[in-house]
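Worksheet: the structure to be examined is printed underneath.
Because only heavy atoms are used, hydrogens play no part in the values below, and waters and symmetry mates are left out as well, while side chains stay in.
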Amino acid sequence: MGSVRFDEKDYLACCGSSKFSKEMAALSPFSSLDVAIIAARDIWFNKVDVTGWLEAFAAHPAIGQKPSISHSNNVSAQLSEAYVSFTYTLAVITHTRALNSGARESSQQPLQLLIELANWNSQYRQKFGFVFLICAAGRSSPEILDELKRRFSNRPIVEFEIAAQEQMKITEIRLSKLFSDKANTAAPSYQHQATAAEKAGEDRVSVLGFHLAPAASERTSSAPTQTRPPVTTHVLDIGQGRPAYGINVRLEIWKGQQPCPSFADAGPGSWVLLGSGTTDKDGRSGQLMSTVDAASPGVYRISFDTGRYCPDGFFPFVSIVFEIKESQKFEHFHVPLLLSPFSFSTYRGS
């Protein structure tokens, strides 16, 4: 496929930020999807400001509402409206089938889950000011609800960045669909006749208020192909309010005699280096491990040479140890470091 050009409204269908769509259209045409995604990430994280992030978040409909007709992006609105219809239809069909089979107790679960999702998303929106966003690839609805409950306890500044990361995942998937539709010279996929399950699999993205995915055991699609390593990181200097440039980073996996290191275990040869890098001007370390579809389950350690970056600080280095379980091997783990001279924090992003 040669260079592909789209206009602003096409990119607005992928991400509801007008700044994003204008920047992407200005850089168009792109020689490939990969080139477009690289440009999209740079624009989203480095050129779109807080107002633009909120504008993109607001393009997703709230629980129980259809997309606003005042929004200039009709394509995105139709796609989102399809998800609203899908959610309601799936809940009703599941409820009806369960009643017909006599399983009265289980028949209440989809509707009860939908109500619980709505209640939690309402609380989330009141706390953070925007709708809950999550990439639903490989996750069932109960898992999504658990993630909502877990993220609800985040500080607003932490949750704001996580939401931006989730929005970028949504954008990448929609860009992929946009390029695929162009290559196949076919009508947009939301106009095709398809079952509810097929529609759910096409985008694999959930705005929690209106997405109720089938359980993991009901899915027949294979694991999604990854476009980045399973583990990534970046470092923010919260003391100076900017990305931390020039910090050496190492990623290791535990290969000791015991399946998991103990609190005091630091035996030689127990940790195996997967990769290393140095943070760039955006605080990102680059690739620390190979890009694979599934991460190896186990205990990982990511270490930062903070003493070299901040010689007068309290921490000569910082190491963060975390575990990827078998059930999580298809997920992405973003493990950032928020650093100041006398404190640091981290969280599991995605």
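Under a 4.0 Å N-O distance rule, the pair Glu252/Arg301 qualifies as a salt bridge. Residues Lys329 and Glu331 are not paired through a salt bridge, judged by the lack of any N-O separation under 4.0 Å between the basic side chain and the carboxylate.
Classified by interplanar angle (parallel below 30°, tilted 30° to 60°, perpendicular above 60°), the ring pair His332/His334 is parallel.
Counting heavy atoms from C-beta on, the side chains of Asp282 and Phe45 never come closer than 4.5 Å. A 4.5 Å side-chain heavy-atom check between Ser32 and Val35 finds at least one atom pair inside the cut-off. Using a 4.5 Å heavy-atom cutoff, the side chains of Trp271 and Lys255 are not in contact. You'll find the side chain of Phe315 stays beyond 4.5 Å of the side chain of Tyr309, heavy atoms only.
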For this session: Take Phe152 and Tyr124 through the test ring pair (Phe, Tyr, Trp, His ring centres under 6.0 Å) and record every step on the way to the result.
Result: CA-CA 6 Å; Phe152 184 78; Tyr124 177 96; 7.0 Å; no
For this session: Before giving the answer on side chain to side chain donor-acceptor pair (under 3.5 Å), spell out for Glu161 and His234 the whole-Å C-alpha distance, their side-chain angles and the decisive distance to 0.1 Å.
Result: CA-CA 12 Å; Glu161 182 173 346; His234 75 274; 2.9 Å; yes
Exercise. Where do Glu172 and Lys169 land on the salt bridge (charged side-chain N to carboxylate O under 4.0 Å, His left out) test, with the steps shown first?
Worked result: CA-CA 5 Å; Glu172 290 179 19; Lys169 294 179 188 178; over 6 Å; no
Exercise. Would Gln240 and Asp237 satisfy side chain to side chain donor-acceptor pair (under 3.5 Å), going step by step from the backbone distance to the final call?
Worked result: CA-CA 6 Å; Gln240 300 188 53; Asp237 186 334; 3.2 Å; yes
For this session: Verify salt bridge (charged side-chain N to carboxylate O under 4.0 Å, His left out) between Lys325 and Glu323, making sure each step is shown before the conclusion.
Result: CA-CA 6 Å; Lys325 300 182 182 299; Glu323 182 178 8; 3.5 Å; yes
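Partner of Leu288 under the side chain to side chain contact (heavy atoms under 4.5 Å, CB included) criterion, chosen from Thr232, Thr233, Leu273, Leu274: Thr233.
Under a cut-off of 6.0 angstrom, the local environment of CZ in Phe314 is sparse, with at most 12 non-hydrogen atoms contributed by other residues, nucleotides or ligands. Counting heavy atoms of neighbouring residues, nucleotides and ligands inside a 6.0 Å radius, atom CZ of Arg150 exceeds 12 of them.
By the side-chain contact (heavy atoms from CB on, under 4.5 Å) test, Ser28 is found to be paired with Arg5, Tyr11, Phe30, residues two or more places apart in sequence or in another chain being considered.
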Please output the side-chain donor-acceptor pairs of residues 13-21 that fall under 3.5 Å, not counting sequence neighbours, one pair per line with the distance.
residue: Ser17; atom: OG; partner: Lys19; partner atom: N; Å: 3.4
residue: Ser17; atom: OG; partner: Phe20; partner atom: N; Å: 3.2
residue: Ser18; atom: OG; partner: Glu55; partner atom: OE1; Å: 3.2
residue: Ser18; atom: OG; partner: Glu55; partner atom: OE2; Å: 3.3
residue: Lys19; atom: NZ; partner: Glu23; partner atom: OE2; Å: 2.9
residue: Ser21; atom: OG; partner: Ser18; partner atom: O; Å: 2.9

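A cation-pi arrangement, defined by a distance under 6.0 Å to the six-membered ring centre and an angle within 45 degrees of its axis, is present between Arg348 and Phe333.
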